[in-house]
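Atom set for the values below is all heavy atoms of this structure, side chains included, hydrogens, waters and symmetry mates excluded. Everything numeric here is computed off the predicted structure, so don't read it as measured data.
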Amino acid sequence: RFWEFSNQENVLPFYEATLDQLITLHRLILQPHKDSDCTAYKIAFDVEKFAWEMNYTYKNLFQILCPQTLNEKEEAALQKEFAEIAKTLADLPQVICHRDFHSRNVMIKGENLMLIDFQDARRGPPQYDLVSLVHDSYVTLSEESIKTLIDYYLKNFPEAIEMFGSRKEFMHYFTLQTLQRCFKACGTFAAMLNQRNDRRYLKPLPHTLTKVISALDELKAYPMISQLIKHLELPQ
């Protein structure tokens, strides 16, 4: 549906309806759920999970697909950055995350939106799903559209700002989550070629890397991750 519109503004109502679904999902954590049997309440993005995702990309993209050799000191510095990011994100306030909340997992059936591929849902920062949608690897939303959608989410889910104390704090961690989430997506695309010999997923890789670079530039941190990407030479 996204590609049916020549003017991106015309697709925003679909995105806003999608965010309504996301807000409903995120609000679940604020409702009584202690007796729920739903697995999503019982598992979470913890330090180990976030670190695993970062190392998944390191292995598949920077060691297998486009090999780079780090010395012992560089390897230690990289793992320190991964651990810092993982610890910071794991300590953030949590909601119920879909975990793979991008355009290909939002189906339109009649006039209704239907979410699919939610089997990995778990507790995690609200920024995780929001990043997945507005920094989607499969479509290119304009900066104006991204701002409009973030504004819509925060206006209709003010509890998110309350969790972080201010919009500024929410957006700081949104940028850090953009770095982690998009970095992980790059690893998934590389793994598709490494493990399944499927080259189709190389197409969104450069676009997703630009998201990582932009987040790194904004954060002005994590020099080892920046070094990896600077020396990355993607296959044709």
Q: Please step through ring pair (Phe, Tyr, Trp, His ring centres under 6.0 Å) for the pair Tyr128 and His26, ending with a clear verdict.
A: CA-CA 11 Å; Tyr128 195 96; His26 284 182; over 10 Å; no
Q. Using a side-chain heavy atom cutoff under 4.5 Å and only I, L, V, M, F, W and Y, what cluster partners does Ile116 have?
A.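 Besides Ile116, the hydrophobic cluster comprises Met107, Met114, listed by chain and residue number.
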Measuring only between side-chain heavy atoms, which start at C-beta, is [X] closer than 4.5 Å to [Y]?
X	Y	result
Lys80	Tyr222	no
Phe183	Leu61	no
Gln68	Gln63	no
Lys49	Leu89	no
Thr148	Leu12	yes
Trp3	Val11	no
His33	Leu28	no
Leu130	Leu19	yes

Is it the case that the side chain of [X] and the backbone of [Y] share a donor-acceptor pair, with hydrogens and angles ignored and the cut-off at 3.5 Å?
X	Y	answer
Gln127	Phe170	yes
Arg123	Tyr41	yes
His231	Gln227	yes
Gln180	Ile85	no
Gln177	Pro126	no

Distance check, rounded to the nearest 0.5 Å: [X] atom [atom1] versus [Y] atom [atom2]?
X	Y	atom1	atom2	answer
Met54	Glu84	CE	CD	10.5 Å
Glu218	Leu176	CD	CG	10.5 Å
Thr18	Leu149	OG1	CG	9.0 Å
Leu65	Glu233	CG	CD	12.0 Å
Thr208	Tyr138	OG1	OH	8.0 Å
Glu162	Phe157	CD	CZ	9.0 Å

How about [X] and [Y]: does a side-chain donor come under 3.5 Å of a side-chain acceptor?
X	Y	value
Lys184	Thr188	yes
Glu16	Tyr153	no
Asp117	Gln119	yes
Ser142	Ser145	yes

Q: Determine, stepwise, if the pair Leu141 / His135 fulfils side-chain contact (heavy atoms from CB on, under 4.5 Å).
A: CA-CA 7 Å; Leu141 288 167; His135 289 313; over 6 Å; no
Mind listing the closest non-hydrogen atom pair of [X] and [Y] along with its distance?
X	Y	result
Arg27	Pro158	NH2-CD, 4.1 Å
Asn60	Gly187	CB-O, 3.7 Å
Leu202	Leu193	CD1-CD2, 3.9 Å
Ser103	Asp136	OG-OD2, 2.6 Å
Met224	Ala77	CG-CB, 3.5 Å
Ala51	Ala86	N-CB, 3.7 Å

Taking only Lys NZ, Arg NE, NH1 and NH2, and the carboxylate oxygens of Asp or Glu, determine whether [X] and [Y] approach each other closer than 4.0 Å.
X	Y	value
Asp151	Arg167	yes
Arg1	Glu4	yes
Glu53	Arg99	yes
Arg181	Asp100	yes

Do the side chains of [X] and [Y] join up, straight or via other hydrophobic residues, at under 4.5 Å, putting them in one cluster?
X	Y	answer
Tyr152	Val139	yes
Leu133	Phe118	no
Ile64	Ile229	no
Leu25	Leu154	yes
Val47	Ile225	no

[atom1]/[X]: more than 12 non-hydrogen atoms of other groups inside 6.0 Å:
X	atom1	value
Glu74	CD	yes
Glu72	CD	no
Phe2	CZ	yes
Tyr56	OH	yes
Lys42	NZ	yes

Q) Out of Pro235, Ser137, Cys186, which one pairs with Leu205 under the side-chain contact (heavy atoms from CB on, under 4.5 Å) rule? A)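 Of the listed residues Pro235, Ser137, Cys186, the side-chain contact (heavy atoms from CB on, under 4.5 Å) partner of Leu205 is Cys186.
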Q. Does His207 have its ring centroid less than 6.0 Å away from the ring centroid of Phe189?
A.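 Centroid distance His207-Phe189: not below 6.0 Å, so no.
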Q | Audit row: Thr140, Gln8, side-chain contact (heavy atoms from CB on, under 4.5 Å) steps and yes/no | A | CA-CA 10 Å; Thr140 304; Gln8 198 168 109; 5.9 Å; no
Q.
Over 60° means perpendicular and under 30° means parallel, so tell me whether His98 and Phe101 are parallel, tilted or perpendicular.
A.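 Ring orientation of His98 relative to Phe101: perpendicular.
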Q: Please report the C-alpha distance between Tyr58 and Leu228 in whole Å, then the side-chain angles of each, then the deciding distance to 0.1 Å, and finally whether the side-chain contact (heavy atoms from CB on, under 4.5 Å) criterion is met.
A: CA-CA 9 Å; Tyr58 177 46; Leu228 282 178; 4.1 Å; yes
Q: Measure from NZ or CZ of Arg122 to the centre of the six-membered ring of Phe45, then state whether that distance is under 6.0 Å and the direction lies within 45° of the axis.
A: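 Because its charged atom sits under 6.0 Å from the ring centre and within 45° of the axis, Arg122 does stack over Phe45.
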Q: Determine, stepwise, if the pair Leu216 / Val212 fulfils side-chain contact (heavy atoms from CB on, under 4.5 Å).
A: CA-CA 6 Å; Leu216 285 167; Val212 177; 4.0 Å; yes
**Q.** With Arg104 via side-chain hydrogen bond (donor to acceptor under 3.5 Å, both in side chains) - residues at least two apart
**A.**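 If we apply the side-chain hydrogen bond (donor to acceptor under 3.5 Å, both in side chains) test to Arg104, skipping adjacent residues, there are no hits.
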